[in-house]
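Below is one structure, written out as C-alpha cells; comments come after it.
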2 protein chains.
Amino acid sequence: MNPTIVDVARVAGVSTATVSRVINGISRVEPVTKKRVEAAIEKLRYRPNILARGLMKSRTDSVGILVTHIVNPYHMSIVHALERRLAAHGVFCYLCNSGDDPEQEDRYARELIRRAVDSLIVIEGAHSDSPDAVMYSTLAGDVPLILVNEHVALDIRAHIVRCEQETGIREAFAILAASGRRRVVLLNGTGHYSFDLKRRLLSEFVESNGLDPADNPVITISCPNDTESVHEAAGIAAALVRGPNPPDAIFAANDMMAAGALQGLLETGVSVPDDVAVVGVDDVIIARITRPKLSSVSLRTEEIGRETAETWVRIRDGVLTAPARVVVHSAFIERETT
Amino acid sequence: MNPTIVDVARVAGVSTATVSRVINGISRVEPVTKKRVEAAIEKLRYRPNILARGLMKSRTDSVGILVTHIVNPYHMSIVHALERRLAAHGVFCYLCNSGDDPEQEDRYARELIRRAVDSLIVIEGAHSDSPDAVMYSTLAGDVPLILVNEHVALDIRAHIVRCEQETGIREAFAILAASGRRRVVLLNGTGHYSFDLKRRLLSEFVESNGLDPADNPVITISCPNDTESVHEAAGIAAALVRGPNPPDAIFAANDMMAAGALQGLLETGVSVPDDVAVVGVDDVIIARITRPKLSSVSLRTEEIGRETAETWVRIRDGVLTAPARVVVHSAFIERETT
DNA sequence: TTGAAAGCGCTAACAT
DNA sequence: ATGTTAGCGCTTTCAA
C-alpha cells in the first residue's frame, strides 16, 4: 500500500493539516517543522493521491484533448504543438481519440469531465458540423471548452480557435489561374464544412475566370481521410487524364489524395506540373516526400497549437470576458507541382 | 453544482446505498425501487463522480498509454490498433506523450499512476535502452506494466510485447543479395537498440556474401525521426551516387529516410531499382506514397496492437502466472524499389 | 504556527 | 431487499 498523508504526519510527528500545508505551500509553517515534514515525505516516498485531492478541490491541473483521428498527421501536428506549450505550464494532457464517431466523442468528452479535467479541448470534433452543436453547448456549461477548427454557430459559449482555409485556397486557385489552367478537377470528400468550402471556392474560380463548369467537375471520394484514398485518387487521376476531357490541374482536398493523384498522373506518363498541376491541402509531411514535391495549402498547425495554448492561459487567468474567437490564416505553399 | 448520489437518493426516496447498488448492478434490488432510482438519475442527469469512486475502489477502468512520439505514424498506428480493442472492453484510454524525454516519461508515468490508471502501457519508451531499466522495474511494482517494443533485460517484472526486426531485415537483405547487390549503404540512426541491430545485420550480410566492408558503409543521421531527415537522406543519397564508389542499394533504418534517399537518387537521374535499390523499415503510409513505392520491413502495428490488448485482458483476468513475453514477427514487404 | 475535526462523493460491510 | 454507517486520502475551516 502506498503511504498516505497520515503516515507522513505520524513519521514527522505533526498533524495531517500541517503536512497538507507543506505540500501545497499554503500559509506559513515553521521552517523546522517544514524540514521534518519534507524529510518524512522523502523517507516514505510519499506522493499525494490525486483522486482524493481532486475530490476536495475539484481541480486536477489537467486538460483533456479530444481528437477525431489519431493517425491523421495534420491533427497530431496540432496536438504536438499544443501539448508542448501546455506541458510547459505544468499541465497534464490527456489525449483521447474519438475515431470520428460522434457518439464516442460524446462519451469520451463526458468521461473526461467526470474525471475532472479542468478544461476540454476538442480538435475538429465529429460534431463540428451539426448546426446547433447542442452537445458542445451543454459541454461548455460543465467545463471551459476550446473548439479547434470547428465551424459551429458563433453564439455558442465555447471558445473557438480555427484556421480559415479561404485565404490559402484562393491563393492556390490564383496561381493555377496565372499559369493558365482552365480545367481544374476537385478531388473532394463529403460531409464536412471544409469540403463544402472547397466546392464553393472552385465555383468562384470558375466564374471569375469565365470558365466552363463542365470542365471543372468535383469528384467525391468516399473516405478521404483513409489511406485507401491514395489508391482511389491515383486511379481517378489516371482515368481522367486518359479520358475525353483531360484536366490541366487537380486540386485535392487533402495531401493524401493529392499524393495519390500525383502517382496516378505520373504513371500514365503525363508531366507534372507541365501538363497537369497538382495542389493539396494540409501541408503535412507527405507533401515533402512525393516527387515532385507537392504544392499545398498550409493550415498552420504550429500557430493553431500556439493560439490554443494561449487561449487556455487566458481562460485560466480569467482575463477573458467573452468567448474567444481566434482565427489563424492559411497560406499556399508553392513547391513543385504547380 | 453537479448532483450527487445523495440528491438522487433523496429524489428517489431511498438510501445512497441503494442508489449505489442500482448504479453498479450489484446485489438484488426490487424492480420497483430500481425504476424509481433510475428515474431520479435520469431526472437529475446524475453522473457518478469518478474521483470519489476511484478513491473507494482504487480502480478506474482506465489505462494509461505512454508514447514517445505523437507525430510518429508508426507509433500512432500501434496506438490506433490497441485503443480500438481496449475501448471495446469499455476501458478508458489516456494517451500521453513523453516527447522522447526520459525525465518527462518518468513524470508522466508516475502522474498516470497517481491518477489511478489500472495499468500502464509504454510504447517504445525513452528508457527502453537503459540496461537495467530500473525505472520500469519500480513502475511495475505499482501497477501492471506492459512494455511495447522495448528491449530491456528479460528478468524485469513488466510484461513485454515486441516485434522482432531480424526476420524482416534478413529477408530484405536476402532479396538484395538475390538481385546481386554488393554495395549496400546503411542510413542509420544512433542511440537505440534497433539501430545497433541494423548495423549488426548489415555486417552479417557483408560477411555471409563475402563482400567488402568498405563498399557497405554505415552513415549515421542525427535526427532520424525528424522530418528533416528526409532532406538529409536525399542529400546523402545524391552525394553517394555521384561519388567514387556508388552503392547499388540503400537500406534506410526507417521509411522517412528511405523516402528521402529515394528522392535524392531520382533527382540525380539514377534508376530505381535498376541502378540502385532502396529499402525502408516501418512500412508506414509513406511507403505507399512515394513513386516507385517503397519496399519496406513491416513491423506489424496491427498485430502488436492486438497482442498488447490481449495481454491486457489476460492481466485483468488474472490468468497470467508469469510476466508475458510476446514476440510478433516482422516481414519484408516488397514493392517497387527492390 | 499548529491541531482537531468536518467533510468532498462514493462504496461496502454490517444491520435490520 | 434496504438502510446505517464507517471510511477511502485529502483539504480546509475553526480553535487553540
Side-chain angles (χ1 to χ4, degrees), chain A residues 1-41 44-62 110-111 113-118 142, chain B residues 1-41 44-62 92 110-111 113-118 142-143:
Chain A
M1 213 50 196
N2 283 330
T4 74
I5 199 168
V6 179
D7 300 318
V8 176
R10 189 163 20 74
V11 169
V14 297
S15 75
T16 60
T18 300
V19 177
S20 177
R21 287 183 188 112
V22 171
I23 295 168
N24 295 289
I26 198 161
S27 91
R28 281 257 158 285
V29 40
E30 199 75 24
V32 199
T33 39
K34 187 173 171 186
K35 281 270 172 284
R36 281 222 311 284
V37 170
E38 280 164 349
I41 289 175
L44 297 176
R45 312 177 86 257
Y46 165 76
R47 297 277 130 202
N49 180 317
I50 304 264
L51 267 47
R53 171 180 287 175
L55 188 54
M56 269 309 290
K57 321 222 298 187
S58 44
R59 249 204 40 225
T60 55
D61 298 316
S62 59
R110 308 228 147 268
E111 196 75 12
I113 291 174
R114 288 167 60 198
R115 287 174 200 250
V117 294
D118 297 336
D142 291 345
Chain B
M1 214 50 196
N2 283 330
T4 75
I5 200 168
V6 179
D7 300 318
V8 176
R10 188 163 22 74
V11 170
V14 297
S15 74
T16 61
T18 300
V19 177
S20 177
R21 286 182 189 113
V22 172
I23 294 169
N24 295 289
I26 199 160
S27 92
R28 282 252 160 288
V29 39
E30 199 74 26
V32 200
T33 40
K34 187 173 171 185
K35 281 270 171 285
R36 280 222 313 283
V37 171
E38 281 165 348
I41 288 176
L44 298 176
R45 311 177 87 260
Y46 165 75
R47 297 278 127 201
N49 180 317
I50 304 264
L51 267 46
R53 170 181 288 174
L55 187 55
M56 270 307 292
K57 322 223 295 187
S58 45
R59 251 203 42 224
T60 54
D61 298 316
S62 59
F92 196 76
R110 309 229 146 267
E111 195 76 11
I113 291 174
R114 287 167 63 199
R115 288 177 199 248
V117 293
D118 297 337
D142 291 345
V143 74

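These numbers were taken from a predicted model, which means no experiment stands behind them. Just so it is clear: chains get the letters A, B, ... in the order the sequence lines come, proteins before strands, and each one is counted from 1.
As a whole-Å value, the separation of Arg21(A) CZ from dG3(C) C1' is 8 Å. Distance, Lys35(B) NZ to dA1(D) P: 16 Å, rounded to whole Å. Between the P atom of dA1(D) and the CZ atom of Arg36(B) lies a distance of 15 Å, rounded to the nearest Å. In this structure, CG of Leu51(B) is placed 15 Å from C1' of dT11(C), rounded to the nearest angstrom. Taking atom CG of Asp7(A) as the reference point, atom C1' of dC10(D) lies 13 Å away to the nearest angstrom. We find that NZ of Lys34(B) is positioned 15 Å from C1' of dT2(D), with the value rounded to whole Å. Taking atom CD1 of residue Ile23(B) and atom P of nucleotide dG9(C), one finds them 14 Å apart after rounding to whole Å. Between Met56(B) atom CE and dT5(D) atom P the separation is 17 Å, expressed in whole Å.
When each of Ala17(A) and Ile5(B) is assigned the nucleotide of DNA chain C with its nearest heavy atom, Ala17(A) is the one assigned upstream, toward the 5' end.
In this structure, Asp7(B) contributes its side chain and Thr4(B) its backbone to a donor-acceptor pair below 3.5 Å.
A sub-4.0 Å separation between OP1 or OP2 of dG9(C) and a side-chain N or O of Thr4(B) is absent. OP1 or OP2 of dT2(D) sits under 4.0 Å from a side-chain N or O of Thr33(B). One finds no side-chain N or O of Thr18(A) lying less than 4.0 angstrom from the OP1 or OP2 phosphate oxygen of dT2(C).
Checking dT11(D), dG9(D), dG3(C) against the side-chain heavy atoms of Asn24(A) singles out dT11(D) as nearest. For Leu55(B), taking side-chain heavy atoms from C-beta onward, the closest of the listed nucleotides dC8(D), dT2(C), dT11(D) is dC8(D). Of the listed nucleotides (dT11(C), dC10(C), dT11(D)), dC10(C) has the atom at the smallest distance from the side chain of Tyr46(B). Among dC10(C), dC14(D), dG9(D), the nucleotide with an atom closest to any side-chain atom of Asn49(A) is dG9(D).
Using a 4.0 Å heavy-atom distance criterion, Ser20(A) is classed as a base contact.
Between Pro48(B) and Ile5(B), every side-chain heavy-atom pair lies at or beyond the 4.5 Å cut-off. You'll find the side chain of Val14(A) reaches within 4.5 Å of the side chain of Val37(A), heavy atoms only.
From Arg47(B), atom CZ reaches atom CD1 of Ile41(B) across 8.0 Å, with rounding to the nearest 0.5 Å. Glu38(A) contributes atom CD, which lies 10.5 Å from atom CD1 of Ile23(A) (distance to the nearest 0.5 angstrom).
Taking only distance into account, the side chain of Arg47(B) never meets the base of dG9(C) through a donor-acceptor pair shorter than 3.5 Å.
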